[in-house]
Amino acid sequence: MSRIYPGLLEDARRTVQFEAILHALVVLFVLAQGRDSVPAERLASREWYRDAKFGMFVHWGVYSLLGQGEWVMQNRPIAVSDYEWLAATFNPVKFDARAWVSLAKAAGMRYITITSRHHDGFSMFATRATRYNIVDWTPFQRDPLKELADECRRQGLKLFFYYSQLDWHHSDYWPRGSTGHNTGRPESGDWNRYLDFLDAQLTELLTNYGAVGGIWFDGMWDKPNAEWRLPQTYALIHRLQPGALIVPNHHQAPLPGEDVQTFEQDLPGANTAGFNTRTIGGLPLETSLTMNDSWGFNLTDHHYKSTRELIHYLVRAAGVGANLLLNIGPRPDGTIPPEAEERLREIGQWLATNGGAIYATRAGPIAPRSWGVTTQRGDTVFVHVLDWSDPTLALPSLGGGRWKAKSWPDGKVLQVMQAAGGVTITLPAGGETADRIVALTHR
């Protein structure tokens, strides 16, 4: 064919070359998002975020009353009029912001991300954009987000606001996406008016609560091809709070203006959940995880992961350079399920001893293995042995130089054998512990 259509063949070659160059530029752009054209305030916030490593996710709202998870309005389904009546009964009289923040701090968490508005469209904060909010619609008549913001400042934690772009209640969420078709809303609406409503509420969240860690978006996946006006909304957020981070749970590769790439129920790049992207950009990373099988309070879901499993997930997240955002689903009265509280306090006890190998680290030089992961801070490589019963462990080459090993955190000297192909270390005793940690440094 090249003899008959030489011109077409040359065009094809140029197209392939152009596409290869374009792909390379896209990859470079994604990787460069970490620094290019980002103000100093956000760069500092990103570094703080990378160091924080552990946060509390809170799913709490009207749906908690029914004890069937946060998707109950969609799953049953429940009409808007019925859900509005339910919302009018929400009265979490035992909510205690100090107790919540104190628990997060005891767990070793550095920030809290809470649902300011979930897919049911009910606002868990004081807002002038709609009467459908916890202050104006319920007998509670208090703003729990304001109380949390004040308490987080007192105790030194950062507060992030989860905000749902998806809405099963608002009449202007039109045309419908893949969900929310059976709530009895009129089959019409003004999409731009709905986006104006979102921006109005975001303005309130970023104006009335002091400095916040950022906005955690969810729900764009309901209408992935819609015009979400992201540049306008992202510019609004960065103008109102230059240090606030944008964390989008859209299951895509990072987009311009975003600050963190988050993965739902998955370690970055794994996609065991089936809906996350495998593409990892150059932004700080996060994985969000349920403690049982539900995000919102589920009365009959007692399938809690063990403390050991949760510590392993936290360590494996750190091993790929990611934070763990661990979820709780408070009960409708505002109290935290005892199974969740017990595990959080146990994780906190573990971090009080071993957190030096987690906080402020980055992914280590050895890619994750079945036995565990590595993290690194400065010149120290931490080897986290999670699942290995033998007394020694062979590691691939860590680069030039001689290495010495100590158990962490007690500092006991361990034997090291080096060869051209790698390093073999003698492990500390205590194979029954959640994580045997070895600190490697150059001699």
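Computed from a prediction, not measured in an experiment: that's the story for all the values here. Starting from 1, each residue takes its place in the sequence as its number.
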Using atom types as modelled and distance alone, determine if a side-chain donor or acceptor of [X] lies under 3.5 Å from a backbone N or O of [Y].
{"X": "Gln241", "Y": "Leu206", "value": "yes"}
{"X": "Gln261", "Y": "Leu285", "value": "no"}
{"X": "Arg377", "Y": "Arg362", "value": "no"}
{"X": "Lys105", "Y": "Gln155", "value": "yes"}
{"X": "Arg76", "Y": "Gln74", "value": "no"}
{"X": "Glu339", "Y": "His302", "value": "no"}

ask   = Which pairs pass salt bridge (charged side-chain N to carboxylate O under 4.0 Å, His left out) with one or both residues in residues 114-126, sequence neighbours excluded?
value =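 Every pair satisfying salt bridge (charged side-chain N to carboxylate O under 4.0 Å, His left out) with a residue in residues 114-126: Arg117-Asp167.
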_Going by the rule salt bridge (Lys or Arg N to Asp or Glu O under 4.0 Å), which residues pair with Arg229 if we only count those two or more places apart in sequence or in a different chain?_
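Only Asp196, Asp199 meet the salt bridge (Lys or Arg N to Asp or Glu O under 4.0 Å) criterion with Arg229.
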Practice problem: Would you check if Met56 and Ile328 make a side-chain contact, meaning some heavy-atom pair closer than 4.5 Å? | Solution: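 Yes, side chains in contact.
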message = I'd like to check Phe263 versus Thr277 (side-chain heavy atoms, cut-off strictly below 4.5 Å). Are they in contact?
response =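 SC-SC contact between Phe263 and Thr277 confirmed.
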Taking distance alone, no hydrogens or angles, what donor-acceptor pairs closer than 3.5 Å link side-chain atoms of residues 349-360 to residues at least two apart or in another chain?
from, atom 1, to, atom 2, distance (Å)
Asn354, ND2, Trp350, O, 3.0
Tyr359, OH, Gly108, O, 2.6

(Q) Show the nearest heavy-atom pair for residues Ala322 and Glu286, with the distance to one decimal. (A)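 Heavy atoms of Ala322 and Glu286 come nearest at CB-N, 4.1 Å.
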Does a sphere of radius 6.0 Å around NE2 in His303 hold more than 12 heavy atoms from other residues, nucleotides or ligands, not counting ones at 6.0 Å or beyond?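 Counting other residues, nucleotides and ligands, NE2 of His303 stays at 12 neighbours or fewer.
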